[in-house]
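Each chain gets a letter, A, B and so on, in the order the sequences are listed, and its residues count up from 1.
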Amino acid sequence: MRVTFPHMGQLSIPVKALFEGLGHEVVVPPVTNKFTFELGSKYAPEFACLPFKINLGNFIEALEAGADTVVMGGGVGPCRFGYYAQVQREILQDLGYNFQLLLLDPPGAGTKELSKAIKLLAEAASPGRILSALRLAWVKTRLLDEGNRLYRMQAPYILPDNTVRQIYGDFLDQIDRENRVNRLLKIYSTFTVKINQLRKEVKPKPVLRVKIIGEIYMVLEPKVNFDLEDRLSELGVEAHRQISMSGWVEEHLFGVFFPHHAKRRKCLAKPYLSAFVGGHGQETVAETVDAGVNKYDGVIQVLPFTCMPEIVAQSVLPEISRDFALPILYLVLDEHSAEAGIHTRLEAFVDLMARKKRARDLRAKIM
Amino acid sequence: MKKRLYLGVDVGSVSTNLVVINEQGDVLEKLYLRSEGNPIKSVQKGLAHLGETIAKHTLLGVGVTGSGRQLIGRILGADLVKNEITAHGMAGLFTDPTVKTIIEIGGQDSKLILVRQGTVVDFAMNTVCAAGTGSFLDQQAGRLNISIGDFGAIALRSKYPVRIAGRCSVFAESDMIHKQQMGYPLEDIVAGLCEALVRNYLNNVGKGKEILPTALFQGGVAANAGIKAAFEKELGFAVKVPEHFEVMGALGAALLVRESKMENGEETSFRGLRLCEAEIAIDSFTCSDCPNHCEVVTVLIGQERISGWGDRCGKWQHLAKEATG
């Protein structure tokens with residue numbers, strides 16, 4: 001089996017480790033690029049959301065590169081993602097590709113497809129090997145998430161010194177290449193030492209704190225959100241996000257062992273949105289409330305055009321924005337979005353927050 | 001006596017505007033020039049116009065805004081390069097401190113800026129549709145064979161504006177043609193178009209936002225009395241058009257650079273009036289110093305390579321820093 005899967009931020013690093021650990025050959029799709037956008041939007045239905053189109057583009061490029069098995073996630077609830085794998089399979093078959101699609105539905109969606117997928121993926125490996133592959137993938141996922149968090153906290157202070165970018169880039173490369181758990185932990189601790197050292201060398205400066213919320217794919221994939229996090233780091237903004245790869249795995253695959261995610265979400269969102277609306281709609285509301293309570297300078301919601309759960313959440317956000325005097329920027333993106341427009345909005349939003357903060361500090365001083 | 005001046009430049013899609021203000025923020029000179037696809041030329045033309053004033057007095061800072069701000073900012077050696085939302089907000093607030101809503105419609109985009117207690121709290125820009133912006137109005141005036149300058153006056157003559165489909169500029173146009181073929185009078189069609197465009201703006205840009213008086217209407221389209229009247233009819237309160245409505249972006253840039261200079265007191269990095277005469281060329285190439293193969297754009301003033309961007313490593317951007325000191 002030559003296995004492929006869709007990109008989503010750094011997801012390819014742990015997933016590649018997992019499938020290779022299970023004894024498969026892995027075809028990582030080419031990094032999402034101009035052609036991925038073109039292929040995806042050409043063959044996808046016009047009103048499917050951008051993640052659907054980019055996934056499809058990734059699959060086509062990977063199948064062209066010799067993959068014969070596509071592994072795709074599924075979902076439950078009102079978000080259309082739950083049905084994407086099936087539609088993508090039909091489209092790819094119509095295009096004449098010869099492949100099998102393995103569907104990793106979360107346990108809530110029934111176990112028929114899931115058990116079939118697991119059986120095929122794991123049949124060649126011994127239980128010990130399966131366990132160590134899972135462990136390796138999990139360690140990589142956690143370290144990537146933690147590394148990103150640290151980088152986003154410190155980079156705005158250190159930039160425009162480009163060394164910090166280099167260090168982060170090297171860290172990602174090393175995590176990708178290394179397959180021994182103890183070495184991985186070492187790479188991570190070296191990385192934290194380097195970043196913290198750089199931070200100590202620069203003068204402290206005022207930065208803003210922003211929380212990124214919205215649909216998970218758009219939040220995690222820099223290729224579709226116009227490098228949102230990098231852009232914020234450059235503009236002197238600490239970008240925080242609750243949404244992460246490991247968070248998703250904990251909540252959606254092993255929710256029984258990690259009940260605090262769901263509890264946090266329901267608790268925070270309750271005064272504004274008590275129902276599950278699919279996708280990350282309720283998270284979006286919950287994290288906006290959290291940003292308000294913890295006095296963030298602003299919130300940026302990123303969603304694909306036509307995303308149903310996020311539109312439901314969006315209609316609630318103005319109320320939270322009023323209650324906490326919390327500025328919110330809405331970025332609705334698809335393949336037609338233009339970079340200049342997004343950057344102008346981001347820059348203006350950062351100005352807005354900075355001026356608001358300055359006025360507030362001034363008032364506090366006078367009082 | 002030598003006055004201390006600030007220059008603001010707004011490089012937009014349709015027009016390039018320059019404003020000179022004094023330390024109090026009063027507008028001493030303003031210029032509204034058509035960009036005609038060559039913003040560098042129009043800025044040079046503008047500078048030549050203002051040359052006398054600038055040479056006589058002391059220029060303390062230059063601020064640039066608009067869609068061409070990066071390029072022009074590098075060429076001028078600007079002290080401050082800002083997005084047009086912040087610039088328009090600043091100018092609106094300075095013109096009328098009681099302002100709560102700023103409606104700005106320019107050549108190709110339209111914005112809504114909400115202000116509360118003296119700070120910008122929210123904004124929106126048109127995303128999916130350019131109906132109602134200056135370029136579209138220009139086009140329609142051309143098609144109806146009237147001058148864009150008369151557009152507003154004609155609209156105001158109408159008593160019974162016809163209803164025109166305004167959701168999409170293409171459909172608005174075909175609906176307009178249809179109404180023309182049906183024999184409706186010109187002024188009713190023009191007024192109907194104004195109303196359709198205002199509805200489109202309020203639905204697209206103003207969606208879900210609280211639009212309160214005092215509202216300022218700025219940008220080139222504010223010259224159109226028909227659109228202003230349509231806004232007032234739809235909103236139910238008077239909309240003010242400030243004196244310098246057509247150059248508010250440039251005014252904002254000048255005010256912003258004034259603010260930053262008053263804080264830091266640094267000398268201006270403006271390259272000087274020699275720019276009016278200089279031969280300015282743009283050169284783009286693929287840098288092959290590393291595997292990234294970045295598309296680098298650089299600007300040449302005379303023989304001197306002053307600035308570059310598009311590179312990931314920062315090598316060409318540093319060139320700019322060394323040159324401007």
Side-chain angles (χ1 to χ4, degrees), chain A residues 31 34 159-166 169 227 230-231 234-235 297-299 303 305-306 311 314-319 321-322 324-334 336-363, chain B residues 12-13 65-71 80-90 93 102 104 106 108-130 204-205 207-210 249 252 256 259-260 263 290 292 310-315 317-318 321:
Chain A
V31 175
K34 190 165 84 177
L159 288 169
D161 180 356
N162 266 323
T163 352
V164 66
R165 251 185 259 225
Q166 191 104 47
D227 296 306
D230 278 345
R231 194 69 200 159
E234 285 163 21
L235 288 168
D297 294 298
V299 164
L303 62 149
F305 185 50
T306 73
I311 289 172
Q314 198 176 59
S315 61
V316 183
L317 297 188
E319 205 181 321
S321 168
R322 247 196 323 275
F324 291 97
L326 180 71
I328 302 179
L329 177 70
Y330 306 99
L331 292 180
V332 187
L333 303 173
D334 67 1
H336 303 297
S337 303
E339 189 170 14
I342 304 299
H343 286 174
T344 298
R345 283 176 180 77
L346 271 182
E347 210 190 296
F349 189 62
V350 171
D351 279 343
L352 178 162
M353 292 184 295
R355 288 189 165 267
K356 196 168 168 253
K357 189 174 180 168
R358 210 160 63 171
R360 199 179 54 218
D361 291 351
L362 210 69
R363 268 201 296 275
Chain B
S13 54
T65 184
S67 49
R69 61 184 182 279
Q70 298 298 349
L71 172 69
L80 179 132
V81 175
K82 266 287 171 222
N83 62 82
E84 48 282 32
I85 296 167
T86 308
H88 274 283
M90 183 76 186
L93 255 168
I102 297 171
E104 197 273 338
Q108 269 172 15
D109 60 21
S110 40
K111 314 174 191 65
L112 175 67
I113 305 170
L114 299 188
V115 182
R116 299 289 184 269
Q117 296 175 322
T119 43
V120 176
V121 293
D122 198 3
F123 62 82
M125 255 171 110
N126 58 337
T127 44
V128 286
C129 180
N204 275 320
V205 186
K207 181 178 52 185
K209 310 264 184 230
E210 200 181 21
L256 284 164
E259 183 189 70
S260 89
E263 265 169 33
C290 85
N292 274 340
D311 53 338
R312 282 196 223 165
C313 65
K315 185 164 67 189
Q317 286 162 39
H318 276 297
K321 263 185 215 136

Walk me through whether A:Lys356 and A:Asp297 qualify under salt bridge (Lys or Arg N to Asp or Glu O under 4.0 Å).
CA-CA 9 Å; A:Lys356 196 168 168 253; A:Asp297 294 298; over 6 Å; no
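- Using a cut-off of 4.0 Å between Lys/Arg side-chain N and Asp/Glu carboxylate O, A:Asp361 and A:Arg363 are scored as not salt-bridged.
- With a threshold of 4.5 angstrom between heavy atoms, B:Glu210 does not approach chain A through any atom at all.
- Applying the side-chain contact (heavy atoms from CB on, under 4.5 Å) test to A:Glu234 and every residue at least two apart in sequence or in another chain returns A:Leu159, A:Arg165, A:Arg231.
- With sequence neighbours left out, A:Asp227 forms a side-chain hydrogen bond (donor to acceptor under 3.5 Å, both in side chains) with no residue at all.
- With a 4.5 Å cut-off on side-chain heavy atoms, A:Tyr330 and A:Leu317 count as touching.
- At a 4.5 Å heavy-atom cutoff, A:Ala340 makes no contact with chain B through either its backbone or its side chain.
- Contact count versus chain A (heavy atoms, under 4.5 Å) is highest, among B:Thr119, B:Ile113, B:Val121, for B:Val121.
- Within the 4.5 angstrom heavy-atom criterion, atoms from both the backbone and the side chain of B:Lys82 approach chain A.
- A salt bridge does not link B:Glu84 to A:Arg345: none of the charged side-chain nitrogens sits closer than 4.0 Å to a carboxylate oxygen.
- For B:Leu256, the part lying near chain A is the side chain, with the backbone staying farther off; criterion is any non-hydrogen pair under 4.5 Å.
- Within the 4.5 angstrom heavy-atom criterion, only backbone atoms of A:Ile328 (N, CA, C, O) approach chain B.
- Of the two parts of B:Val115, neither the backbone nor the side chain holds a non-hydrogen atom closer than 4.5 Å to a non-hydrogen atom of chain A.
- Taking chain A as the reference chain and counting heavy-atom pairs below 4.5 Å, the highest number among B:Gln70, B:Arg69, B:Arg116 is found for B:Arg69.
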